Asker: 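Below is a structure I'd like to ask you about.
If you're wondering where the values come from, they're calculated on a predicted model, not measured in any experiment.
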Amino acid sequence: TDFKLYVRDTIDHFLSQLTILQLALAKKAEEHAEVVMPGYTHLQTAQPVTFGHHCLAYVEMLGRDVTRFKDARKRLNECPLGSAALAGTSFPIDRKMTAKALDFDKPTANSLDSVADRDFILETLSAASISAIHLSRFAEELVIWSSAEFNFIKLSDSFTTGSSIMPQKRNPDAAELIRAKVGRIIGAFNGLSMVMKGLPLAYSKDMQEDKEMAFDALDNYSLALAALTGMIEDMHPNKEKMAKSAGGGFSTATDIADWLVRVINLPFRDAHHVTGSIVALAEKQNLRLHELSLDDMQSVEPKITKDIFNVLSVENSVKSRKSYGGTAPTEVRKMAKKWIKSLEKQT
């Protein structure tokens, strides 16, 4: 019963922390809805997106984490008090009254299961593991973005440290430690799973091993949430560097293909081939796509007109992605405002 009360309170704390982290990201998204950056697949430049859109991706991830913790809380909120050693008791107790007094929804329905159950902490550790993976992915991006090679963001001394012998360095220690915490959290889930997998009903002394690993994992998950929230509030995007990188790697090639389909009615498989040839031509001449001449493009596809240059800038590319959930600044602002309104009510 005590363990369930602890886990329930801890989940409530996590839900508060997650809301604050989501709100920090949503506000950052609204503030930087028009900041263009490269979007990646395979860590290769794919298409231009906005920094705000990227931040909102993690708001969505964390939103799913919230629902998992809420589901776990709902399932654990049954009171085992009164199950005794394993068979219940002959004393005239009122389990419904004690469950209500401790703010549980109801008493557990089977005394054997009540004593043997550790689903509630396994499910909480599972939710924490999935969420920790999300935190770790963003932490990895912060490490990459703050490197000299990318230089997409700046972090203050509050979340970085200098090198012991190289004074020019600013190492993203907090992000690196967040990235490492996921191993301890998933390790706790796996460790307890291994403890429970072979136990007959009802109680075995093996089950006292649930506490140490759970306390450690949940404490470190809470610490990671707090650290990442601080880093989000602390980071400042390097807008010029992001915009410059967004135009690299022929990132608007898909916009050419879309234009060929939309304007001159080419089947997409043909548009894909034409676009590939245009990219190869630009690569051969060491030019960006918007630097090619109209004659160059028409040498690949004669039906191309000068209007195609309207889709070759990264700004126009992102503005055109107005579909629901797209990266267009108008969509990003709309979604950010929606999240901020909802999250501020919760806080």
Side-chain angles (χ1 to χ4, degrees), residues 29-57 60 141 144-145 147-153 237-336:
E30 183 182 37
E31 182 183 357
H32 301 293
E34 293 195 28
V35 175
V36 179
M37 67 175 291
Y40 298 97
T41 61
H42 313 276
L43 203 56
Q44 305 291 320
T45 301
Q47 292 179 265
V49 296
T50 57
F51 184 60
H53 191 56
H54 198 107
C55 290
L56 286 177
E60 295 291 334
E141 292 190 319
I144 293 171
W145 290 349
S147 68
E149 289 77 12
F150 274 74
N151 192 25
F152 281 2
I153 61 167
N238 184 341
K239 301 175 184 180
E240 294 76 19
K241 184 62 167 64
M242 281 185 171
K244 184 178 179 180
S245 296
F250 308 108
S251 64
T252 56
T254 305
D255 295 274
I256 294 177
D258 289 349
W259 186 91
L260 293 169
V261 172
R262 192 173 59 248
V263 177
I264 65 175
N265 297 317
L266 279 185
F268 189 81
R269 68 173 62 188
D270 295 335
H272 188 283
H273 177 73
V274 169
T275 302
S277 298
I278 291 173
V279 168
L281 186 61
E283 198 167 25
K284 184 178 180 181
Q285 297 183 29
N286 197 28
L287 297 173
R288 294 193 174 195
L289 291 174
H290 69 275
E291 294 173 334
L292 284 172
S293 68
L294 180 59
D295 289 341
D296 285 333
M297 293 198 183
Q298 288 178 336
S299 70
V300 179
E301 172 50 63
K303 294 180 182 178
I304 290 176
T305 68
K306 65 179 180 180
D307 290 340
I308 199 170
F309 289 96
N310 293 330
V311 303
L312 293 184
S313 73
V314 293
E315 290 78 15
N316 286 341
S317 175
V318 296
K319 286 178 182 178
S320 71
R321 309 293 171 179
K322 295 180 179 179
S323 57
Y324 180 79
T327 193
T330 53
E331 288 299 310
V332 171
R333 280 200 192 87
K334 191 185 304 181
M335 194 64 72

Asker: If you take all heavy atoms of L56 and A29, which pair is closest and at what distance?
Answerer: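 So the minimum-distance heavy-atom pair works out to CG-CB, 3.6 Å.
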Asker: Would you call the rings of W145 and H54 parallel, tilted or perpendicular, where under 30° means parallel and over 60° means perpendicular?
Answerer: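 Ring orientation, 0 to 90° scale: perpendicular.
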Asker: Using a 4.5 Å cut-off on heavy atoms from C-beta on, say whether the side chain of R321 contacts that of Q47.
Answerer: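 Touching, per the 4.5 Å side-chain cut-off.
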Asker: List the atom of G325, the atom of E331, and the distance in Å for their closest heavy-atom pair.
Answerer: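 The pair with the smallest heavy-atom distance is N-OE1, 4.1 Å.
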Asker: To the closest 0.5 Å, what do you measure between OG1 (T327) and NE2 (H53)?
Answerer: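 It is 4.5 Å, given to the nearest 0.5 Å.
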Asker: Does the side chain of D258 come within less than 4.5 Å of V311's, by heavy atoms?
Answerer: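 No, every pair of side-chain atoms sits at 4.5 Å or beyond.
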Asker: Taking atom CG of D296 and atom CG of L289, what is their separation to the nearest 0.5 Å?
Answerer: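 Separation between the atoms: 11.5 Å.
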Asker: V279 and A253: which non-hydrogen atoms are nearest, and at how many Å?
Answerer: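 Result for this residue pair: CG2-CB, 3.9 Å.
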Asker: Side chains of W259 and N310: does their closest heavy-atom pair fall under 4.5 Å?
Answerer: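 Heavy-atom side-chain distance check fails, nothing below 4.5 Å.
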Asker: Measuring from D255:CG to I308:CD1, what's the distance to the nearest 0.5 Å?
Answerer: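 Here the interatomic distance stands at 9.5 Å.
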Asker: Does the side chain of T50 reach to within under 4.5 Å of the side chain of E34, using non-hydrogen atoms?
Answerer: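 Counting from C-beta outward, T50 and E34 never come under 4.5 Å.
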Asker: Taking only residues two or more places apart in sequence, or in another chain, which ones meet H32 in a ring pair (Phe, Tyr, Trp, His ring centres under 6.0 Å)?
Answerer: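 With neighbours one apart ignored, the set is F51.
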Asker: Could you tell me which non-hydrogen atom of P48 sits nearest to which non-hydrogen atom of V36, and how far apart they are?
Answerer: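 That closest heavy-atom pairing would be CB-CG1, 4.2 Å.
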Asker: Hey, could you give me the CG/NE2 distance between L260 and H273, rounded to the nearest 0.5 Å?
Answerer: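 One gets 12.0 Å once the value is rounded to the nearest 0.5 Å.
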Asker: With rounding to the nearest 0.5 Å, note down the distance linking CZ in R262 to OG in S320.
Answerer: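 These two atoms lie 7.0 Å from each other.
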Asker: Specify the closest pair of heavy atoms between A282 and L292, including all atoms of both residues, with the distance to one decimal.
Answerer: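 Taking every non-hydrogen atom into account, CB-CD1, 3.7 Å.
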Asker: Heavy-atom distance under 4.5 Å between the side chains of T252 and S313, does that happen here?
Answerer: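 No, too far: nothing below the 4.5 Å cut-off.
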Asker: Any chance CG of N286 has more than 12 other-residue heavy atoms, nucleotides or ligands included, within less than 6.0 Å?
Answerer: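 Not more than 12 within 6.0 Å, no.
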Asker: Just jot down the side chain to side chain donor-acceptor pair (under 3.5 Å) partners of S323, sequence neighbours excluded, or say none.
Answerer: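 Expected list: none.
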Asker: If you round to the nearest 0.5 Å, how far is NE2 of H272 from CG of L266?
Answerer: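 The distance works out to 13.5 Å.
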Asker: Would you indicate whether the side-chain heavy atoms of E301 and I256 approach each other to under 4.5 Å?
Answerer: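 Sidechains of E301 and I256: no contact.
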Asker: How far apart are the closest heavy atoms of F309 and S293, and which atoms are they?
Answerer: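 Minimum heavy-atom contact is CZ-C, 4.1 Å.
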Asker: State whether the side chain of E291 and the backbone N or O of R288 hold a donor-acceptor pair below 3.5 Å, judged by distance alone.
Answerer: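 Judged by distance alone, yes, a pair lies under 3.5 Å.
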Asker: Q298 side chain to I304 main-chain N or O, any donor-acceptor pair under 3.5 Å?
Answerer: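 Yes, the answer is positive, given that a donor and an acceptor are paired below the 3.5 Å cut-off.
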Asker: Side-chain atoms of residues 238-251: list all donor-acceptor pairs with protein atoms under 3.5 Å, sequence neighbours left out, distances to 0.1 Å.
Answerer:
residue	atom	partner	partner atom	Å
N238	OD1	K241	N	3.3
N238	ND2	N151	O	3.3
K241	NZ	F150	O	3.2
K241	NZ	S245	OG	3.3
S245	OG	K241	O	3.1
S251	OG	A246	O	2.5

